[in-house]
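Every heavy atom of this structure was used, including side-chain atoms; hydrogens, water molecules and symmetry mates were not.
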Amino acid sequence: MAAGALLTVCVLSATALRTGFGLHTVSAIYGETIDISCGHGQEKPDGLLFGKWKYEQPDGNAVFVATRSAVKNRTSFDDVPEYNGRLDLSENYTLSISNARITDEKRFVCMLITEENVFEVPSLVKVFILSFIHLWSFVQVGDCISKDSYPDTNITWYRNGHVLFPVDGESSKERNSTSGLHNIRSSLQYMSSKNDIDAQFSCAVAYYMPNGMAVMESDPVVFDIYYPTEKVTIHVQSPKKTIKEGDDITLKCIGNGNPPPQEFLFYLPGQEEGIRSSSAYHITDIKRNATGDYKCSLLNKVMIASTMVTVHYLDLSLTPSGDITKQIGDSLSVSCIPSASKNVSVTWMKPRIKLSKKTNTDGKSKTIFYEVDGFPKPEVQCVSLGNGVYLNKTEETTLSNGRYAAKIIISPEENVTIICSAENKLGKESHSLNISASESNDHAKLIVGIVVGLLLAALVAGLAYWIYIKRSSSASKHVGKELGNTEENKKLEENNHKSEA
């Protein structure tokens, strides 16, 4: 038997000792409860009197912590300061230790005692802790800290998921003398470049757990990468694609450094001295003589960028101008001279007008449409020939290429002719349009004509019948007198009375 076993026998008044159970490892998480079974599921020996728990110190001495009587079914705990209030012993002699600590990593032994034998069941306790990892970023420096870890851990650095190796920097480890936990710090010294813009840096710590090796990763961090400006660019910001005289523009100068430069020197065409400004330089109501190269540079006058700005314009000069008097048949030469920022073509446009019409759905009104083009913009007037009244038109709308359109709505009582004229200083053009009366008026006139005709026909028929009756009466009387037939005369008179009636 081992010396430790002999010592135990002496303590237990020379009782026989048996260690038929092998060493068992119990893994526990820091801060949780450690459960150490006695016998690891095997049946307890017959004639069991009581069970005791002890742990072994580094010097080999044993410290008893708990006892349970199998006869009286009663539990007692020894006065051990570090375990006061943390122990519990169940009926099957499982020892529970709450709030696991690093100092609980010991060799615990369960002793089952009968009248004849002492059975020892040893267990080795290992405590693990979930590492807490933090990552802080500084200028070209990252600090990765693993706090309160146990057992010892290693820190690995990553860039966009790939291991950074080797790592320049410093590492330090601190052990808390009270808790036995480790704080590990790893500082990353990294020479950054523009390729590291938006790169994600992270660190990971590997540590042992009851079920094997575990890894905890930090959240990725994007470091602020600083580098000097290597290139300057300038461009023009304008609300319109083409810059015309009178527009407002903004010159924008940009440096590709980080942080980007906030101030620049702007050089206007023909000027050697720069104007100090922010990254945006504003020009309002730009003139045609402002066409030229615009430049910008850093304040130290290096890395100059330039861009060409063209201010477009167009002037037309008509010769001769004003009121001109000529005899009929005389010739007149007129010229239009353009002055523009680029080549232009001159087209003479006398007024032209086109008319159309349609009957509206109500059957009473008509709509007259006109389209007119010409330059300068012609004035349009429409008049009714019947009464000489000028007609009101809707607001003109612009179509394209100098063309305009409007419409006139009328409800004529009778057929009428409409004349529309378009006129500018280059000439005049007129067109007419015949408009018939509305269908409703024609229909009403037709009904009235039919009624009047029917009344006249009835009057004529009645008058003819009355004349006929009168003539018939006179002839009857004359015949009666000539014949002298009294009886026939009576009959004729009766018939005449009936006819008159």
Side-chain angles (χ1 to χ4, degrees), residues 135-144 157 159-160 164 168-170 187-202 219-317 337-344:
L135 179 61
W136 287 270
S137 61
F138 305 94
V139 179
Q140 299 184 358
V141 176
D143 271 1
C144 186
W157 283 92
R159 179 188 180 276
N160 290 336
L164 281 175
D168 295 331
E170 299 178 354
S187 298
L188 173 66
Q189 298 286 343
Y190 183 77
M191 184 61 67
S192 61
S193 65
K194 289 193 297 184
N195 294 330
D196 295 312
I197 297 175
D198 297 329
Q200 294 186 338
F201 291 81
S202 61
D219 293 331
V221 172
V222 177
F223 292 166
D224 291 327
I225 308 300
Y226 298 105
Y227 49 89
T229 296
E230 299 176 350
K231 184 180 180 182
V232 172
T233 58
I234 183 173
H235 63 274
V236 180
Q237 294 178 335
S238 174
K240 301 175 182 177
K241 186 176 181 180
T242 302
I243 301 174
K244 300 190 297 297
E245 188 173 32
D247 288 346
D248 299 337
I249 67 170
T250 298
L251 300 175
K252 186 73 174 178
C253 198
I254 301 174
N256 65 346
N258 188 32
Q262 299 299 310
E263 288 187 314
F264 297 86
L265 292 177
F266 288 88
Y267 303 86
L268 304 184
Q271 296 183 6
E272 295 183 359
E273 292 297 323
I275 302 173
R276 186 167 180 167
S277 173
S278 65
S279 61
Y281 183 77
H282 304 283
I283 302 176
T284 59
D285 191 21
I286 193 167
K287 303 300 181 183
R288 64 184 66 182
N289 58 3
T291 295
D293 282 330
Y294 288 78
K295 303 176 182 179
C296 74
S297 71
L298 299 179
L299 297 181
N300 57 5
K301 299 184 180 181
V302 298
M303 301 179 192
I304 297 179
S306 66
T307 185
M308 181 66 183
V309 175
T310 301
V311 182
H312 294 280
Y313 61 92
L314 174 62
D315 296 330
L316 291 176
S317 176
I337 303 173
S339 175
S341 56
K342 58 182 181 180
N343 294 331
V344 295

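The side-chain heavy atoms of Phe264 and Leu299, taken from C-beta on, include no pair separated by under 4.5 Å. Contact of the Tyr267 side chain with the Ser297 side chain is registered, since non-hydrogen atoms from C-beta on lie closer than 4.5 Å. Here the side chains of Tyr281 and Thr250 are not in contact, with every heavy-atom distance at 4.5 Å or above. Counting heavy atoms from C-beta outward, Ile254 and Pro260 have side chains that stay 4.5 Å or more apart.
Ser238 contributes no side-chain N or O that, together with a main-chain N or O of Lys241, makes up a donor-acceptor pair within less than 3.5 Å. Here the side chain of Asn256 pairs no donor or acceptor atom with the backbone of Thr229 at under 3.5 angstrom. The backbone N or O of Gly270 lies less than 3.5 Å from no partner atom in the side chain of Glu272, so there is not a single donor-acceptor pair.
Contact record, Pro269 with Ala290: CG-O, 3.9 Å, taken as the closest heavy-atom pair. Residue Val222 comes nearest to Gln200 through the heavy atom pair CG2-CG, 4.0 Å, listed as atom of the first residue, atom of the second, then distance. In plain terms, the two heavy atoms of Val311 and Ser341 that are nearest each other are O-CB, 3.9 Å. Scanning both residues, Trp157 and Cys144, for their nearest heavy atoms gives CZ2-CB, 3.5 Å. Considering every non-hydrogen atom in both Ser279 and Phe266, the closest pair reads O-CZ, 3.7 Å. In plain terms, the two heavy atoms of His312 and Thr242 that are nearest each other are CD2-CG2, 3.2 Å.
Atom NE2 in His282 sits 8.0 Å away from atom NZ in Lys252 (nearest 0.5 Å). The distance from atom CG of Asn195 to atom OH of Tyr227, rounded to the nearest 0.5 Å, is 10.0 Å. Atom CG of Leu265 sits about 8.5 Å away from atom CG of Leu298, to the nearest 0.5 Å. Note: Ile286 CD1 to Lys244 NZ = 12.0 Å, rounded to the nearest 0.5 Å. Between the CG atom in Leu314 and the NZ atom in Lys342 there is a gap of 10.5 Å [rounded to 0.5 Å]. Taken to the nearest 0.5 Å, the NE2 atom of His235 stands 9.5 Å off from the SG atom of Cys253.
The one candidate from Val236, Thr291, Asp248 that meets the side-chain contact (heavy atoms from CB on, under 4.5 Å) condition with Ile243 is Val236.
A 6.0 Å sphere centred on CG of Asp315 holds more than 12 heavy atoms belonging to other residues, nucleotides or ligands.
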